[in-house]
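Input: a single structure, listed below in structure tokens.
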Amino acid sequence: MRIGVLGTGNMADALATHWVRAGHDVAIGGRDVHKAQRLATRLGGSAKPASLRAAAEFGQVVLAALPFGAGTSVARELRTALDTKVLIDCSNPVGPGFRLLTRSGLSAAQQLAAAAPGTHVVKAFNLCHEDVWRMSPPIFDGRPLAVPVCGDDETALALVHQLVRHAGCEPVAGGGLERAGLLEATAALFIGLWVGEGADAQAIAPPLAYAAGPRHEESEETEGAFRSEF
């Protein structure tokens with residue numbers, strides 16, 4: 001697969017490392033050619049430096065590894081090059097006080113889609129620190145990290161699911177792009193818990209068997225015991 005990466009920062013480095021190792025052709029795009037060259041050299045393999053536009057033109061799938069606020073202007077600038085492409089948004093619109101910066105409007109992912117309306121935007125890779133994505137693979141308590149993915153185009157989703165697996169993770173269907181805002185809000189909550197409170201955010205969710213209440217078998221046993229007492 002040909003992958004264009006917009007950005008030369010930590011997320012670009014962490015994710016592109018997995019994809020180069022998996023055998024994909026990767027173009028690292030940056031406004032600073034020297035930074036793009038340094039990252040491409042560090043990645044090795046098929047990675048090559050490029051301008052932002054050249055990376056967008058190169059990729060079948062394009063990763064927008066850009067801070068919130070910068071992504072929409074870059075997508076608007078490159079909208080012709082991005083037309084019909086799959087555009088992955090991994091940004092988190094989280095501001096001071098761990099506040100969601102998009103509370104009164106479109107999600108960051110939807111803003112990208114509006115800036116480049118011919119693209120198939122997919123939200124993914126936004127819930128973890130870049131050092132988690134650097135793990136090879138990210139496995140905790142014997143389970144691969146699950147990555148929620150939101151998007152509207154089935155072909156685009158299939159490609160992103162493949163890239164999630166090539167990062168050593170397990171894709172989880174998160175619904176359409178209108179649900180990307182829920183992923184971004186989840187990131188704001190989790191970052192606030194992790195960083196602001198030093199709390200284990202993972203501990204707030206019960207195991208799947210208990211997510212909808214007591215397990216069916218246990219409910220039947222409890223009801224039977226209750227009836228037998230009378």
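Numbering starts at 1 and runs along the sequence shown.
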If you apply the rule side chain to side chain contact (heavy atoms under 4.5 Å, CB included), what do you find for Thr17 with Arg42, and how did you get there? CA-CA 9 Å; Thr17 294; Arg42 184 160 68 250; over 6 Å; no

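- Using a 4.5 Å heavy-atom cutoff, the side chains of Arg165 and Glu170 are in contact.
- A side-chain donor-acceptor contact under 3.5 Å links Asp89 to the backbone of Ala109.
- Atoms NE2 and OG, on His18 and Ser136 in that order, are 5.5 Å from each other to the nearest 0.5 Å.
- Hydrophobic clustering keeps Leu39 apart from Val74 (ILVMFWY residues linked when any side-chain heavy atoms are closer than 4.5 Å, directly or through intermediates).
- In this structure the side chain of Phe68 reaches within 4.5 angstrom of the side chain of Gln111, judged on heavy atoms.
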Please lay out, stage by stage, how Thr80 and Glu57 fare under the test side chain to side chain contact (heavy atoms under 4.5 Å, CB included). CA-CA 9 Å; Thr80 302; Glu57 290 172 344; over 6 Å; no

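- In this structure, the side chains of Val86 and Val62 stay at 4.5 Å or more apart for every pair of heavy atoms.
- Between the side chain of Arg99 and the backbone N or O of Pro96 there is at least one donor-acceptor pair closer than 3.5 Å.
- Taken together through direct or relayed side-chain contacts under 4.5 Å among Ile, Leu, Val, Met, Phe, Trp and Tyr, Leu145 and Leu163 form part of one hydrophobic cluster.
- Across all their heavy atoms, Ala146 and Pro148 have their closest contact at O-CD, 3.7 Å.
- Of all the heavy atoms in Ala113 and Leu177, the pair that sits closest is CB-CD2, 4.0 Å.
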I'd like to know whether Leu106 forms a side chain to side chain contact (heavy atoms under 4.5 Å, CB included) with Thr102, so could you lay out the CA-CA distance, the side-chain angles of the two residues, the decisive distance to 0.1 Å, and finally the verdict. CA-CA 6 Å; Leu106 296 174; Thr102 56; over 6 Å; no

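- Contact of the Val149 side chain with the Val172 side chain is not registered, since no non-hydrogen atoms from C-beta on lie closer than 4.5 Å.
- Put simply, the side chain of Thr119 never gets that close to the backbone of Asp83: no donor and acceptor are under 3.5 Å apart.
- Within the 4.5 Å cutoff, no side-chain heavy atoms of Glu154 are placed close to those of His120.
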Between Arg179 and Leu182, is a side chain to side chain contact (heavy atoms under 4.5 Å, CB included) present by the stated rule, with each step listed? CA-CA 5 Å; Arg179 293 177 62 84; Leu182 298 179; 3.8 Å; yes

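- Clustering ILVMFWY residues whenever any of their side-chain heavy atoms sit less than 4.5 angstrom apart, transitively, puts Leu100 in a cluster other than the one holding Leu183.
- Atom NZ of residue Lys85 and atom CG of residue Leu159 lie 12.5 Å apart, to the nearest 0.5 angstrom.
- Annotation for Leu208: atom CG does not count as buried by contact number, only 12 or fewer foreign heavy atoms lying within 6.0 Å.
- With hydrogens and angles ignored, the 3.5 Å screen pairs a side-chain donor or acceptor of Lys123 with a backbone N or O of Ser91.
- Side chain of Ser107 to main chain of Gln110: a donor-acceptor pair is present (N/O by atom type, distance under 3.5 Å, no hydrogens or angles).
- A salt bridge is defined here as a Lys NZ or Arg NE, NH1 or NH2 lying under 4.0 Å from an Asp or Glu carboxylate O, and Glu77 with Arg31 meets this definition.
- The closest donor-acceptor contact from the side chain of Lys48 to the backbone of Ile28 lies at 3.5 Å or more, if one exists at all.
- In this structure, the side chains of Cys150 and Val122 stay at 4.5 Å or more apart for every pair of heavy atoms.
- No donor-acceptor pair under 3.5 Å is formed between the side chain of Arg143 and the backbone N or O of Phe140.
- Between the CZ atom of Arg134 and the SG atom of Cys128 there is a distance of 13.5 Å, given to the nearest 0.5 Å.
- Within the 4.5 Å cutoff, the side chain of Leu63 has heavy atoms near those of the Trp19 side chain.
- Remark: Asp25 does not engage Arg2 in a salt bridge, criterion side-chain N to carboxylate O under 4.0 Å.
- Between Val20 and Ala47, the shortest heavy-atom distance links the atoms CG2-CB, 4.1 Å.
- Atom CD1 of Ile88 is separated from atom CG of Leu6 by 10.5 Å, given to the nearest 0.5 angstrom.
- Considering all non-hydrogen atoms of both residues, Leu193 and Ala201 come closest at CD1-CB, 4.1 Å.
- Hydrophobic clustering, with ILVMFWY side chains joined whenever heavy atoms are under 4.5 angstrom apart, keeps Phe58 apart from Leu52.
- Panel note: side chain Asn92, backbone Val94; no donor-acceptor pair is recorded below 3.5 Å.
- Here the CG atom belonging to Leu87 is positioned 14.0 Å from the CZ atom belonging to Arg79, to the nearest 0.5 angstrom.
- Grouping the Ile, Leu, Val, Met, Phe, Trp and Tyr side chains by contacts below 4.5 angstrom, directly or via other members, places Val121 with Leu78.
- Closest approach of Ala12 and Val5 over heavy atoms only: CB-CG1, 3.5 Å.
- Taking 4.5 Å as the limit, every side-chain heavy atom of Asn126 sits out of range of all side-chain heavy atoms of Thr186.
- Taken to the nearest 0.5 Å, the NE2 atom of His166 stands 9.0 Å off from the CD1 atom of Ile3.
- Distance alone, capped at 3.5 Å, is enough to place a donor-acceptor pair between the His129 side chain and the Asp131 backbone.
- Smallest separation of non-hydrogen atoms from Cys169 and Trp133: SG-CZ3, 3.9 Å.
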